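A quick write-up on the structure given underneath.
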Amino acid sequence: MEYFLTEEQKTIKSLARRIAEERILPVRAELDEKEEFPWAIMKDLADADLFRVFIPEEYEGLGGGSLELCLVMEELSRVCSGVAISYAATALGCLTLMEYGSEAQKQKYLPVIAAGKKLTAFALTEATAGSDASAIRTTAEKAEGGYVLNGTKQFITNGGDAEIYTVIALTDKSKGARGATAFLVEKDTPGFTFGKKEKKMGIRASSTRELVFRNCLVPEENVIGKPGMGFIMTMKLLDRTRPGIAAQAVGIAQGALEAAVDYTRQRVQFGQPLISLPVVQDILADMAIHVEAARALVYSVAKTIDSGAKGFTEESAMAKVFASDTAMKVTTDAVQVCGGAGYMRDYPLEKLMRDAKITQIYEGSNQVLRNAIAIELRKRKARTE
Ligand code: CAA
C-alpha cells in the first residue's frame with residue numbers, strides 16, 4: 001500500500017528499521033530473557049537522532065508529529081516492542097511539558113531529552129486508579145516554595161531508569177478530576193524513591209516500577225500548566241499518544257506475519273510447504289488484511305492529529321482498539337500456523353504474542369476506549385436530533 005510518506009518520513013522509517021535489524025534483532029531474545037533495560041540501544045537511538053523526532057525544532061528537535069512517532073514505533077516494535085515502549089514512554093513523559101510547559105521549562109528540559117541524554121516517564125496510574133484514572137490519591141500540598149507530594153504511582157514505564165517524571169497529583173481533593181495538577185519531578189529529588197521492578201508477561205526489555213513520594217518537595221517552577229488542569233490535560237494528551245501504541249501493535253503484527261510466512265514457506269508437511277495448504281493460506285491472508293487495515297487506520301488518524309484537527313478522542317481510540325486487537329489475533333494465529341515452532345522460545349513468535357497483550361491494556365484498556373467511542377456516538381446522534 002502506498003501511504004505517500006514524505007522523503008523525511010521515509011528516512012525516519014528506514015533509519016528506525018535499520019537500527020531494529022542491526023542492533024535490536026541480535027539481542028532481543030536476551031533482553032527479553034534477562035528482563036534487561038536496553039541502555040545500549042537507547043544510546044543507538046539517541047546517536048541516530050531518533051529522540052529528536054517528537055521534539056519541536058526550536059528545542060533542538062526535528063519537529064515531527066504523531067505520524068513520525070508512529071513510524072518509529074512501528075519499526076522498532078516489528079522487532080522488539082519492549083525497546084519500542086522504552087523509547088515511546090519518553091515521548092509520553094515529555095508531552096505535557098511540550099504542550100503546556102512554560103518557556104523556561106521547555107528550554108531547560110527539551111534539548112536534553114531531544115539529545116537522548118535523559119529519558120522521561122509519565123505517572124498517572126495508581127493502585128486505586130487504572131481505568132478509573134481520576135481516582136488518584138497522590139496529593140500535592142502547597143508549601144513554602146512549592147508543593148509537597150505524598151503517594152505511590154504504580155506500573156510506571158521507564159520508572160527508575162528515567163531522569164525526568166511528569167507526575168499527576170491532587171492539589172484539591174474536593175474537586176476530583178478538576179483538582180489534579182501536573183508536576184515535573186527529577187529523579188534525585190529528596191523524598192522520591194522507587195519500588196521493585198515488576199516482572200511482566202511481555203515487553204520485558206522495558207522497566208516498570210512504582211514511584212514512591214514521601215514528603216517530596218517539588219519547586220513551584222515545576223508545575224506544568226494551570227493548577228487543577230492536570231487530569232484534563234492528560235486526557236487530551238492521551239488522545240494524541242494512543243496512535244503510538246496502535247503503531248506499536250501494527251509493528252508487532254507485521255513482525256508476526258513475516259515470521260509466519262517465512263516459516264510456512266520452509267516447513268514441509270504432507271509433501272509440500274505449509275504455505276501451499278489452503279487452510280494455512282486462509283489464515284495468512286486474513287493476517288495480512290488485518291495488518292494493512294490497522295496500518296491504514298493508524299496512519300490516517302496520525303495525519304488527522306498532525307493536521308491540527310481538534311477533538312479526535314473517538315478516532316484515536318478506534319486506532320488503538322483495532323490495531324491492538326489485530327496484534328493479539330495475528331500473533332495468536334501466527335503461533336498456531338507455526339505449531340510447535342511457534343510455541344518455542346527459539347522462534348520469535350511466542351515473544352510477539354506475549355508482547356501483543358499489553359497493547360490491549362495500557363494507555364486506556366480497550367474496554368474503556370470502546371466506552372469512549374460509544375459515548376461519542378451517542379453525543380453525535382443527540383446533536384442530529
Ligand atoms: N479530552 C478532554 N477532556 C476529557 C477527555 C478527553 N479525551 N476525557 C475526559 N475528559 C474530561 C471530561 O470532559 C471531564 O471534564 P469536566 O470535569 O469538565 O466534565 C473530566 O475529564 C472527567 O471526565 P469523565 O467524567 O468522563 O471521567 P471519568 O472519571 O468517568 O473517567 C476516563 C473516565 C478517565 C476518561 C476513562 O474513560 C479513561 O480514559 N481511562 C483510561 C486511563 C488511561 O488511559 N490511562 C493510561 C495511563 S498512561 C499509560 O498507560 C502509559 C504506559 O504505560 C505506557
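As the structure lists them, so they are numbered: ligands from 1, and atoms in each ligand from 1. What you see is a predicted model; the values in this text were computed from it and never measured.
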Of S134, S365, A372, the one whose closest heavy atom lies nearest atom 29 (O) of ligand 1 is S134
Where is the nearest protein heavy atom to atom 43 (C) of ligand 1: which residue, which atom, and how far?
G364 N, 3.7 Å
Between K117 (side chain only) and P111 (backbone N and O only), is there a donor and an acceptor less than 3.5 Å apart?
no
Atoms of ligand 1 less than 4.0 Å from V368 heavy atoms?
36 (C), 37 (O), 38 (C), 39 (O), 40 (N), 41 (C)
May I ask you to check whether Y299 and Q9 show a side-chain donor-acceptor distance below 3.5 Å?
no
Tell me: protein heavy atom nearest atom 5 (C) of ligand 1, and distance?
M235 CB, 3.4 Å
Just heavy atoms, cut-off under 4.0 Å: does I156 contact ligand 1 by side chain, backbone, both, or neither?
neither
Y165 and F183: aromatic ring centres closer than 6.0 Å?
no
Protein non-hydrogen atom found under 4.0 Å from atom 39 (O) of ligand 1:
yes
Flag atom 15 (O) of ligand 1 as yes if some protein heavy-atom distance to it falls below 4.0 Å, otherwise no.
yes
Checking side-chain contact (heavy atoms from CB on, under 4.5 Å) against F122, which of T90, I156, T241, T234 comes through?
T234
Can you list the atoms of ligand 1 that are under 4.0 Å from a heavy atom of T313?
7 (N)
Can you tell me which residue and heavy atom of the protein come closest to atom 52 (C) of ligand 1, and the distance to 0.1 Å?
T157 OG1, 3.7 Å
For ligand 1, note which part of L92 has a heavy atom under 4.0 Å away: side chain, backbone, both or neither.
side chain
Atom 23 (O) of ligand 1 has as its nearest protein heavy atom F231 CE2, 4.3 Å
Taking atom 20 (C) of ligand 1 as the point of reference, which of I375, N371, I232, T234 owns the nearest heavy atom?
I232
Distance filter under 4.0 Å to D239 heavy atoms, resulting ligand 1 atoms:
1 (N), 6 (C), 7 (N)
Heavy-atom proximity to atom 47 (C) of ligand 1 ranks first, among I85, N158, T125, for T125
Donor on one side chain, acceptor on other, N150 and T139, under 3.5 Å:
no
Please identify which of these residues, L238, D239, I232, meets the side-chain contact (heavy atoms from CB on, under 4.5 Å) condition with M235.
L238
If you measure from each non-hydrogen atom of R242 to ligand 1, which part falls under 4.0 Å: side chain, backbone, both or neither?
side chain
Is a donor on one side and an acceptor on the other found under 3.5 Å between the side chain of S14 and the backbone of T11?
yes
Nearest-neighbour protein heavy atom for atom 50 (O) of ligand 1, which is reported as residue plus atom name and distance:
E363 N, 2.8 Å
Give me the atom names and distance for the closest heavy-atom approach of T171 to G228.
OG1-N, 4.1 Å
Sub-4.0 Å protein heavy atom next to atom 31 (O) of ligand 1
no
Keeping the roles fixed (side chain from T157, backbone from T208), state whether a donor-acceptor pair exists under 3.5 Å.
no
Spell out, as yes or no, whether a donor-acceptor pair under 3.5 Å connects the side chain of E126 to the backbone of R137.
yes
Which option wins on minimum heavy-atom distance to atom 36 (C) of ligand 1: A133, A135, S131, A121?
S131
Applying salt bridge (Lys or Arg N to Asp or Glu O under 4.0 Å), which residue pairs with at least one partner in residues 218-229 are found, sequence neighbours left out?
K142-E220
Hydrophobic cluster identity match, M98 and L237, side-chain contacts under 4.5 Å
yes
Shortest protein contact, atom 2 (C) of ligand 1 (heavy atom only)
K236 CG, 3.5 Å
Starting from atom 17 (O) of ligand 1, what is the nearest protein heavy atom, named by residue and atom, and what distance separates them?
R178 NE, 3.1 Å
Report yes if the distance between the aromatic ring centroids of F54 and Y87 is under 6.0 Å, otherwise no.
yes
Within 4.0 Å of atom 12 (C) of ligand 1 (strictly less), any protein heavy atom?
no
